[in-house]
Number of protein chains: 2
Amino acid sequence: MAKRTSSGPEVLLGLLTIESMSGYDLGQLIHDSIHHFWNESYGQIYPNLKQLAASGFITGKKEKQQGKPDRQIYSITAKGRERLAAWLQIEPQPEVPRNELLLKMFFGSKASPATIRGYVDQMVERESAALQIFSAIGKQIVSQPQYPDTPYWQMVLRFGQLEVESHLRWAQESLAALRKLEQKRPAPPFRKEKPHATK
Amino acid sequence: MAKRTSSGPEVLLGLLTIESMSGYDLGQLIHDSIHHFWNESYGQIYPNLKQLAASGFITGKKEKQQGKPDRQIYSITAKGRERLAAWLQIEPQPEVPRNELLLKMFFGSKASPATIRGYVDQMVERESAALQIFSAIGKQIVSQPQYPDTPYWQMVLRFGQLEVESHLRWAQESLAALRKLEQKRPAPPFRKEKPHATK
DNA sequence: GGGTGCATGTAATGGGTTACATGATTCT
DNA sequence: AGAATCATGTAACCCATTACATGCACCC
């Protein structure tokens with residue numbers, strides 16, 4: 001009795017309600033706009049599109065271009081909209097968390113505080129960059145005409161902003177704590193330590 | 001040239017530095033203690049343990065019990081500690097985000113605000129429950145003797161707390177916004193709407 | 001008698017990333 | 001000259017969840 005959700009095809013359907021697009025465009029759009037909460041690789045997108053077209057959820061038209069390779073432009077059908085609507089009625093399942101940074105930090109006493117600090121530093125960089133992108137997306141949304149989608153897009157964006165802010169606050173706290181740990185046990189001493197202290 | 005990290009075996013090694021345990025115990029501990037940032041199913045744990053033992057990273061001893069099935073108690077070896085230490089030196093890769101709730105909310109205009117509100121309500125329940133668990137874990141950590149792990153465990157826990165708090169704040173905001181949307185377009189009217197408004 | 005917990009494991013199945021393949025154009 | 005972008009697709013592989021299998025004991 002599996003709760004197969006998978007959502008892969010439905011993202012594509014959803015994005016095609018905004019505009020008809022090629023697989024390549026969909027990939028770009030996913031990367032540029034919803035990357036902070038969803039991702040699809042081309043290895044998924046192209047086969048999914050093929051299958052969706054074969055089942056009549058979308059239709060494709062070949063578009064010739066000069067200089068560039070041909071594009072397949074897909075449009076959602078009425079049947080596709082039905083499938084999307086049905087999928088929206090299914091309770092979203094919370095994703096299984098897998099945060100490698102936290103995992104390594106959990107075992108941080110087996111490395112040096114400096115190593116872990118380096119990882120937190122990198123996280124700060126990544127998340128700060130994300131904040132920049134968010135504010136750019138935010139400006140784009142408000143400058144656009146008001147679609148019925150607009151309020152939803154704003155909520156989703158706001159999630160990212162609040163979450164990132166909490167991550168950055170945490171990072172500041174943690175960096176301070178790690179610096180304290182470094183002072184206590186100042187950079188690894190010369191003698192080799194046998195690893196049985198924990199037990 | 002794949003950046004194979006996978007971390008599956010290393011979690012087990014890490015947890016075995018705390019104490020020697022059976023596969024079943026490891027599963028329990030993962031579920032009870034690090035569930036908010038990592039997860040492993042038994043379908044992964046048992047095969048991984050077998051392989052780790054075959055390669056000499058851990059050793060297993062059979063322990064007979066009365067009434068209950070036999071247990072295989074695994075202990076980490078020096079070689080295992082080396083592998084763990086080496087893994088800790090590898091930069092953690094940020095996980096690929098996949099948040100189904102946000103995805104459905106992004107396409108929220110194709111459902112009703114009430115549907116989406118229901119999903120947010122459920123999220124509030126889940127995350128509030130998580131907060132309770134966190135505070136219980138927090139008390140447990142401070143009441144324990146101070147291992148070298150303690151400060152790291154506290155940082156990791158704090159991450160969860162701050163993140164959940166941000167989620168709950170977001171949920172409150174969003175619920176308010178959704179209620180407003182419901183008033184504007186009060187519960188679906190009787191006439192059927194054709195779905196071309198977006199285009 | 002039936003469900004739940006302890007305990008270990010395998011097999012089927014399905015997702016998803018990465019690498020590879022192709023080929024023209026444009027930018028550095 | 002070589003890298004990057006546009007554009008589509010396939011195949012290999014890996015990772016992970018779920019279901020299934022077994023079997024005893026304890027509780028309701």
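As a basis for the values below, the full set of heavy atoms in this structure was taken, side chains included, without hydrogen atoms, waters or symmetry mates. Per chain, numbering begins at 1; letters A, B, ... match sequence-line order.
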Nucleotide dT10(C), atom C1' - distance to CD of Gln51(B) in whole Å: 15 Å
Residues Gln89(B) and Trp87(B): side-chain donor-acceptor under 3.5 angstrom: no
Residue pair Trp170(A), Ser166(A): steps toward the side chain to side chain donor-acceptor pair (under 3.5 Å) verdict: CA-CA 6 Å; Trp170(A) 172 80; Ser166(A) 82; over 6 Å; no
Arg71(A) side-chain N/O to dT5(D) phosphate OP1/OP2 under 4.0 Å: no
Polar side-chain atom of Thr150(A) near backbone of Gln146(A) as donor-acceptor pair, under 3.5 Å: no
Nucleotide dG16(C), atom P - distance to CD of Glu10(A) in whole Å: 11 Å
Close side-chain approach of Glu10(B) and Leu88(B), heavy atoms under 4.5 Å: no
Non-hydrogen side-chain atoms of Gln122(B) and Leu101(B) separated by less than 4.5 Å: no
Integer-rounded Å distance: dC6(D) P and Gln72(A) CD: 18 Å
Nearest-Å distance for atom pair CD1/P, residues Ile30(B) and dT17(D): 10 Å
Phosphate OP1/OP2 of dC6(D): any Tyr24(A) side-chain N/O under 4.0 Å: yes
Presence of Arg98(B) side-chain N/O under 4.0 Å of dT17(C) phosphate oxygens OP1/OP2: yes
Criterion side chain to side chain contact (heavy atoms under 4.5 Å, CB included) against Asn48(A), the qualifying member of Ile58(A), Leu12(A), Leu26(A): Leu12(A)
Rounded interatomic separation in angstrom, taking CG from Asp32(A) and C1' from dC6(D): 14 Å
Distance, rounded to the nearest Å, where His31(B) contributes NE2 and dC6(C) contributes P: 12 Å
Worked check of side-chain contact (heavy atoms from CB on, under 4.5 Å) between Val124(B) and His167(B): CA-CA 8 Å; Val124(B) 169; His167(B) 291 168; over 6 Å; no
Those residues of residues 34-48 of chain B lying under 4.0 Å from DNA chain D by at least one heavy atom: Ser41(B), Gly43(B), Gln44(B)
ring-ring contact (aromatic ring centres under 6.0 Å, His included) partners of Tyr119(B), counting only residues at least two apart: none
Divergence of helical axes at both termini of the helix from dG1(C)-dC28(D) to dT28(C)-dA1(D) - five pairs an end, 10° steps: 30°
Heavy-atom side-chain proximity of Arg71(B) to Lys62(B) below 4.5 angstrom: no
Side-chain N or O of Lys50(B) closer than 4.0 Å to phosphate OP1/OP2 of dT10(C): yes
Whole-Å distance separating the CG atom of Leu49(B) from the C1' atom of dT8(C): 11 Å
Side-chain N,O (Ser22(A)) to OP1/OP2 (dT8(D)) below 4.0 Å: yes
